[in-house]
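Remarks on the structure that follows.
The shown structure was predicted, so the numbers you read here are calculated from the model rather than taken from an experiment. A, B, ... follow the sequence lines: proteins, then strands. Residue 1 opens every chain.
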2 protein chains.
Amino acid sequence: MSANSRLTIAAHALAWIGLYQRQGHEVATSEQIATSANTNPVVIRRLLGELRRAGLVESRRGVGAGWSLARELESMTLLDVYEAVEPGPLFAMHRTTPDQGCVVGHGIQPAMQSIYEGIEETVRRELARVTLANVLRDVLAAPR
Amino acid sequence: MSANSRLTIAAHALAWIGLYQRQGHEVATSEQIATSANTNPVVIRRLLGELRRAGLVESRRGVGAGWSLARELESMTLLDVYEAVEPGPLFAMHRTTPDQGCVVGHGIQPAMQSIYEGIEETVRRELARVTLANVLRDVLAAPR
DNA sequence: CTCAGTTGTAACAGGGAAGGTTGCAACTGG
DNA sequence: CCAGTTGCAACCTTCCCTGTTACAACTGAG
């Protein structure tokens with residue numbers, strides 16, 4: 001599977017902002033987060049922009065600008081993040097319509113569709129069980 | 001997510017071969033399956049080649065050549081197919097190593113890793129619950 | 001022995017998504 | 001007015017999937 005790292009980077013950014021705020025800072029910059037994630041600030045801004053549209057973070061411009069959490073980490077789940085940054089489905093159908101004159105070609109898509117929907121629902125439930133506060137706790141618990 | 005259709009096409013091919021054999025035929029050709037799936041025979045041969053390596057199908061060359069099932073559809077699950085055609089993980093880590101000098105950069109990968117492993121395990125369990133015989137039954141049950 | 005039909009596989013092209021990079025307008029507290 | 005940052009567009013590179021062509025290898029039928 002050509003998996004991407006969007007969910008990972010988004011969770012990284014949120015955990016970083018959350019910890020930074022716990023340390024008494026008001027806002028975090030994309031520059032700081034990008035350094036921690038070892039990537040480009042624009043990549044972080046793009047992802048945080050999607051999280052802002054989902055109501056998870058807020059941004060401030062001008063002097064003293066940066067990003068802050070819109071909600072507590074405790075009330076934010078990985079499902080919220082996933083839905084904000086991953087639009088597409090986990091499994092894809094045929095790129096071209098199968099032969100509708102063939103019994104298998106005709107019935108395969110509805111059959112697979114309902115299986116895939118069940119799996120995606122399960123994944124969503126798993127993601128919903130993990131809050132970003134859980135993630136940050138695990139991050140801080142990592143052996144040094 | 002840049003999802004691919006490998007699992008879908010592989011399941012399509014297996015269901016097609018299974019139905020064809022139930023109708024009394026010995027082997028199916030990649031040409032026939034490709035017509036049903038509306039794709040190129042080489043794409044089918046590539047996927048079936050991976051399924052052969054996994055022990056799900058067999059191939060015969062020469063005159064009267066083609067593909068046949070190596071096991072009953074009842075004993076074949078979507079997990080078997082998934083493992084044969086999808087090597088990678090569902091979610092990816094950072095493409096570059098995060099800043100190990102940062103607390104978050106250091107702890108984020110083990111934290112996300114264990115979450116992802118749990119989710120993948122759940123997905124595997126779901127896939128293992130569905131046999132290819134189930135798939136074929138659903139395919140044939142589709143309204144005309 | 002030859003031939004036709006099929007697999008096995010390499011090679012390459014095209015498309016699309018993700019990630020990285022640059023550049024710059026817009027904003028705002030000091 | 002200025003410095004620091006976001007917002008965003010544009011472009012490039014890389015990677016993977018899919019499709020396609022080409023051809024050698026194989027084998028039962030005749």
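- Exactly one of A/M76, A/R52, A/E50 qualifies for a side chain to side chain contact (heavy atoms under 4.5 Å, CB included) with A/V57. That residue is A/R52.
- In terms of polar N and O atoms assigned as donor or acceptor, the side chain of B/R95 never comes within less than 3.5 Å of the base of C/dG19 in a complementary pairing.
- Going from atom CG of A/N40 over to atom C1' of C/dG19 covers 9 Å, rounded to whole Å.
- As rounded to whole Å, 16 Å separates atom C1' of D/dC8 from atom CD1 of A/I44.
- Rounded to whole Å, atom P of C/dA17 lies 13 Å from atom CD of A/E86.
- The aromatic rings of A/Y82 and B/F91 lie perpendicular to each other, with more than 60° between the two planes, well past the 30° mark.
- A heavy-atom distance below 4.5 Å is not found between the side chains of A/L56 and A/L69.
- Relative to the side chain of A/R6, the nucleotides C/dT22, C/dG19, D/dT18 differ in distance, and C/dG19 lies closest.
- Rounded to an integer number of Å, the gap from A/N4 CG to D/dC17 P is 13 Å.
- Taking the side chain as every heavy atom from C-beta outward, B/P98 and B/I108 approach each other to under 4.5 Å.
- Straight-line distance from the CZ atom of B/R45 to the C1' atom of D/dG19: 13 Å, rounded to whole Å.
- For A/W67, taking side-chain heavy atoms from C-beta onward, the closest of the listed nucleotides C/dG8, C/dT6, D/dG7 is D/dG7.
- Place B/S30 and A/I9 on DNA chain C by their nearest nucleotides, and B/S30 ends up nearer the 5' end.
- Taking only distance into account, the side chain of A/R60 never meets the base of C/dG29 through a donor-acceptor pair shorter than 3.5 Å.
- Residue order along DNA chain C, read from the 5' end via each residue's closest nucleotide, puts B/G66 first among A/S5 and B/G66.
- Taking side-chain N and O atoms only, A/S59 has no distance below 4.0 Å to OP1 or OP2 of D/dT5.
- Each end of the helix from C/dC1-D/dG30 to C/dG30-D/dC1 gets its own axis, taken as the rotation carrying the C1' atoms of four end pairs onto the next four within a five-pair window, and the two axes meet at 10° to the nearest 10 degrees.
- B/G64 comes within 4.0 angstrom of nothing in the nucleic acid, heavy atoms only.
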**Asked** Does the pair B/L140 and B/L19 meet the rule for a side chain to side chain contact (heavy atoms under 4.5 Å, CB included), with working shown?
**Response** CA-CA 10 Å; B/L140 298 178; B/L19 179 59; 4.2 Å; yes
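- Applying a 4.0 Å cut-off to non-hydrogen atoms, none of the residues of residues 49-57 of chain B approaches DNA chain D.
- For A/E31 and D/dG7, the CD to P distance is 15 Å, given to the nearest whole Å.
- No donor-acceptor distance shorter than 3.5 angstrom exists from the side chain of A/S5 to the backbone of A/T8, with no hydrogens or angles considered.
- Using modelled atom types, one side-chain atom of A/T122 and one backbone atom of A/G118 make a donor-acceptor pair closer than 3.5 Å.
- Between B/R46 and D/dG19, a side-chain N or O to OP1/OP2 separation shorter than 4.0 Å is absent.
- Distance CD (A/E58) to C1' (D/dT5): 17 Å, rounded to an integer number of Å.
- A parallel orientation is assigned to the rings of A/H25 and A/Y20, their planes being inclined by less than 30° (bins at 30° and 60°).
- The shortest side-chain heavy-atom distance between A/N134 and A/R137 falls under the 4.5 Å cut-off.
- Separating the CG atom of B/N38 from the C1' atom of D/dT20 is a distance of 15 Å, rounded to the nearest angstrom.
- Side-chain contact between B/T77 and B/L127 is absent, with no heavy-atom pair separated by less than 4.5 Å.
- Remark: A/T39 is not in phosphate contact with C/dG19, judged by side-chain N or O atoms under 4.0 Å from OP1 or OP2.
- Among the nucleotides C/dT22, D/dT21, D/dC26, the one closest to the side chain of B/R61 is D/dC26.
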